[in-house]
Amino acid sequence: MTQPVGHLRLGVNIDHVATVRNARGGDTPDPLRAAKIAEAAGADGITAHLREDRRHISDNDIERLMEGLAVPLNFEMAATDEMQKIALRHKPHAVCIVPEKREERTTEGGLEVAREENRLAHFIAPLRDAGCRVSIFIAADIRQIEAAHRIGAQVIELHSGAYCDAHHEGRFEDRDRELEAMREMAGFAHGLGLEVHVGHGLTYETVAPVAAFPEAVELNIGHFLIGEAIFRGLDPAIREMRRLMDEARA
Ligand code: PXP
């Protein structure tokens, strides 16, 4: 898949389509249908998080997404044996290792890689060997980024949650500090040879400064887009995000 130089990939996270479906049980709304609409609206990939408690995406959703998608699947998962087995069975294009339990998180909310380097290095090795691109969801923290690099991850996804929260709560000094930390760490990670993604909490209001990071290769956006789809439909909601990303990039 060739992309123009500097193209910023948009990964659409469809977890919360499954959240709405699961509120009633049954089959609707269907995450695969949402994913196909996202593809047609310009998503470069689909992201889905199979949580240990299966609160939204199900095993069957992953099965159907793997079969039905034309764009790559980014499979978000905790670093557990169960999830590793599922990932090795499906061999998605990418796996993104995320924290699910409080003790797996850094103070900023990303994965605590530095403290668990040895275990995580062994955990991701078979995923890499199976051909998955391994991404680690981490805070903009130099210790975590160096550790992600040492364990052999190819990609880091910077956690933009603190930046987005500060913006929407009107704490603009905090927001600007968080943004600056992400910008600096995007450059640092890129310098180590890591591919840089950014995600969590991004909205129309917060996306542009992040999309403008020259080192950013992919943004993963879910909750806001699925919410916005209630008001304007999923296709226009995604196209507007794409437009804002392209504008910021230009
Ligand atoms: N990236 C990662 C690693 C995530 O865990 C999530 C949330 O599942 C997202 C991006 C998307 O975040 P949001 O749904 O807030 O846009």
Side-chain angles (χ1 to χ4, degrees), residues 8-20 22 31 34-35 38 43-57 61-62 65 72-80 83 87 92-102 104-106 108-113 124 132-140 144-145 148 153-169 178 182 186 189 194-207 210-211 216-230 234 237-238 240-242 244-245:
L8 179 60
R9 294 168 49 84
L10 170 60
V12 173
N13 180 317
I14 42 100
D15 290 350
H16 296 300
V17 178
T19 302
V20 176
N22 294 0
D44 300 285
I46 297 297
T47 294
H49 183 181
L50 184 66
R51 297 189 70 103
E52 290 175 80
D53 65 7
R54 310 300 198 269
R55 75 176 67 151
H56 38 57
I57 292 294
D61 289 330
I62 297 295
L65 288 165
L73 177 68
N74 174 32
F75 178 63
E76 287 183 3
M77 56 182 248
T80 65
M83 289 300 151
H93 167 78
V95 295
C96 181
I97 313 297
V98 301
E100 283 196 14
K101 301 197 175 85
R102 174 87 6 225
E104 295 166 342
R105 286 181 201 171
T106 65
E108 288 86 3
L111 192 70
E112 178 53 79
V113 195
I124 69 171
C132 303
R133 280 183 77 67
V134 176
S135 169
I136 312 280
F137 187 45
I138 46 179
Q144 304 298 341
I145 294 169
Q154 295 117 311
V155 181
I156 56 154
E157 181 159 329
L158 291 172
H159 194 316
S160 47
Y163 154 71
C164 293
D165 287 348
H167 173 82
H168 291 288
E169 290 163 15
E178 295 293 345
M182 284 197 292
L194 290 159
E195 183 173 305
V196 177
H197 300 180
V198 185
H200 201 92
L202 292 167
T203 63
Y204 294 153
E205 285 186 25
T206 51
V207 75
V210 172
V217 169
E218 179 172 306
L219 305 185
N220 282 298
I221 310 180
H223 182 266
F224 174 80
L225 286 174
I226 304 307
E228 188 64 14
I230 294 169
L234 188 55
I238 292 170
E240 176 62 2
M241 190 61 84
R242 178 78 260 168
L244 291 167
M245 286 165 59

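Below, all heavy atoms of this structure are taken into account, side chains as well, without hydrogens, waters or symmetry copies. As the structure lists them, so they are numbered: ligands from 1, and atoms in each ligand from 1.
When each atom of ligand 1 is checked for a heavy atom of H200 under 4.0 Å away, the hits are 6 (C), 7 (C), 10 (C), 12 (O), 15 (O). Atoms of ligand 1 lying under 4.0 Å from at least one heavy atom of G222, given by number and element, are 13 (P), 14 (O), 16 (O). Distances below 4.0 Å separate heavy atoms of I221 from the following atoms of ligand 1: 16 (O).
Ranking protein heavy atoms by distance to atom 15 (O) of ligand 1, first place goes to G201 N, 2.8 Å. For atom 11 (C) of ligand 1, the closest non-hydrogen atom on the protein side is N220 O, 3.9 Å.
A salt bridge does not link D61 to R54: none of the charged side-chain nitrogens sits closer than 4.0 Å to a carboxylate oxygen.
Between H16 and H56, the ring-plane angle classifies as perpendicular under the 30° and 60° cut-offs.
Under the 3.5 Å distance criterion, with hydrogens and angles disregarded, a donor-acceptor pair is assigned to the side chains of E218 and N220. Side chains of E108 and H159: no donor on one and acceptor on the other come within 3.5 Å. Checked by atom type, the side-chain pair E100/H49 shows a donor-acceptor distance below 3.5 Å. Between T203 and H168, the side chains place a donor N or O and an acceptor N or O closer than 3.5 Å (distance only, hydrogens not considered).
Here the closest heavy-atom approach between residue M83 and residue F75 is recorded as O-CE2, 4.2 Å.
For ligand 1, none of its N or O atoms has an N or O atom of H49 under 3.5 Å away. By the 3.5 Å distance cut-off applied to N or O atoms, E157 is counted among the residues near ligand 1. Any N or O atom pair closer than 3.5 Å counts here, and F137 shares no such pair with ligand 1. The N/O atoms of V98, backbone and side chain alike, include none that comes under 3.5 Å of an N/O atom in ligand 1. On a distance-only criterion, H223 and ligand 1 share at least one N/O pair closer than 3.5 Å.
Looking at E76 against ligand 1, only its side chain comes within 4.0 Å, counting heavy atoms.
Each of T19, V17, I14 was evaluated against I57; a single residue qualifies, I14, per the side chain to side chain contact (heavy atoms under 4.5 Å, CB included) test.
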